[in-house]
Amino acid sequence: QVQLLESGGGLAQAGDSLRLSCVASGGPFSRYTMGWFRQAPGKEREFVIGSLWYNSAPYSSDAVKGRFTISRDNAKNTVYLQMNSLKQEDTAVYYCAAAMRLGAPQRPNEYDYWGQGTQVTVSS
């Protein structure tokens, strides 16, 4: 059983940067594709960005391309989400998730484990 714990959320102004961290425990972190999702009030959970397990290659949604990056440190069992040029529409609870499967999963039901989420609020 993999446990995921996010941190780094908070309040930011539009144009600011934030970095989220997600520490994993209880499983072979390097064998998991790691993803970040977000969910705004009244909206469905949406894929943000992921990192493939076998080569750490990133893949992201169009909404954050060029602004958000993902990185992982397998030695520390940690994945990071660097968010730059934040916009008000980035306001959401951000979730870290782990998937043990081939391909580049982007649907929530393709992920096996989830963190509890961390709130990111961007003001104008």
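Starting from 1, each residue takes its place in the sequence as its number.
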*Indicate the atoms forming the closest heavy-atom contact of Leu4 with Ala24, along with that distance.*
CD2-CB, 3.5 Å
*Are Leu86 and Tyr80 joined in one hydrophobic group, where the rule is that I, L, V, M, F, W and Y side chains link up if heavy atoms are under 4.5 Å apart?*
no
_Rounded at 0.5 Å granularity, tell me how far OH in Tyr95 sits from CG in Leu81._
14.5 Å
*CG on Asn77 to CG on Leu5, rounded to 0.5 Å*: 12.5 Å
_Nearest 0.5 angstrom please: Ser85 OG to Asp16 CG, how far?_
9.5 Å
_Inter-residue atom distance Lys87.NZ - Ser124.OG, 0.5 Å rounding_ = 14.5 Å
*State yes or no: do Met100 and Trp36 share one hydrophobic cluster built from I, L, V, M, F, W and Y residues joined by side-chain heavy-atom distances below 4.5 Å, directly or via other members?*
yes
*Do Asn84 and Gln82 pass the side-chain hydrogen bond (donor to acceptor under 3.5 Å, both in side chains) test, and can you show the C-alpha distance, the side-chain angles, and the key distance before you say yes or no?*
CA-CA 6 Å; Asn84 298 328; Gln82 178 66 43; 2.9 Å; yes
*Between Trp114 and Phe37, ring centroids under 6.0 Å*: yes
_Treating Arg31 as the side-chain partner and Gly27 as the backbone partner, does any N or O pair qualify as donor plus acceptor under 3.5 Å?_
no
*With a distance cut-off below 6.0 Å to the six-membered ring centre and an angular limit of 45° from the axis, does Arg72 pair with Tyr32 as a cation-pi contact?*
no
*Evaluate the side-chain proximity of Ser51 to Pro58: yes if any heavy-atom separation is below 4.5 Å, no if none is.*
no
_For Val64 against Ser60, the heavy-atom pair lying closest together_ = CG2-CB, 4.1 Å
*Taking all non-hydrogen atoms of both residues, which atom of Ala40 and which atom of Ala92 are closest, and how far apart?*
N-CB, 3.8 Å
*asked:* For a quick test of reading the model, state the closest non-hydrogen atom pair linking Gly8 to Leu18 and the distance between them.
replied: O-CD2, 4.1 Å
*Checking side-chain contact (heavy atoms from CB on, under 4.5 Å) against Leu20, which of Ile70, Val120, Val48 comes through?*
Val120
*Same hydrophobic cluster for Leu52 and Met34, using side-chain heavy-atom links shorter than 4.5 Å among ILVMFWY?*
no
*Are the side chains of Val93 and Arg45 in touch, meaning some heavy atoms are under 4.5 Å apart?*
no
*Taking 4.0 angstrom as the limit, do Lys65 and Asp62 come out as a salt bridge?*
yes
_Under 3.5 Å: donor-acceptor pair, side chain of Thr91, backbone of Thr121_ = no
*When rounded to the nearest 0.5 angstrom, what is the spacing between OG1 in Thr33 and CD in Gln106?*
11.5 Å
*Taking every non-hydrogen atom, the tightest pair across Thr78 and Ser21*: CG2-CB, 4.4 Å
*About how many Å separate SG of Cys22 and CD of Glu6, when rounded to the nearest 0.5 Å?*
5.0 Å
_Glu44 atom CD, over 12 foreign heavy atoms within 6.0 Å_ = no
*asked:* Whether Arg101 engages the ring of Trp53 as a cation-pi pair (distance to the six-membered ring centre under 6.0 angstrom, angle to the ring normal within 45°) should be assessed.
replied: no
*Which heavy-atom pair separates Val79 from Cys96 by the least distance, and what is that distance?*
CG1-SG, 3.9 Å
*Tyr54 and Tyr111: same hydrophobic cluster, using ILVMFWY side-chain contacts below 4.5 Å?*
yes
*For Pro105, does its backbone N or O pair with a side-chain atom of Tyr59 as donor and acceptor, under 3.5 Å?*
yes
*Look at the side-chain heavy atoms of Ile, Leu, Val, Met, Phe, Trp and Tyr, link any pair under 4.5 Å apart, and say whether Phe29 and Val23 land in one connected group.*
no
*Quick one: does NZ or CZ of Arg38 land under 6.0 Å from the six-membered ring centre of Tyr94, within 45 degrees of the ring axis?*
no
*Go through the steps for Thr69 and Met83 under the test side chain to side chain contact (heavy atoms under 4.5 Å, CB included), then give the verdict.*
CA-CA 7 Å; Thr69 58; Met83 304 185 291; over 6 Å; no
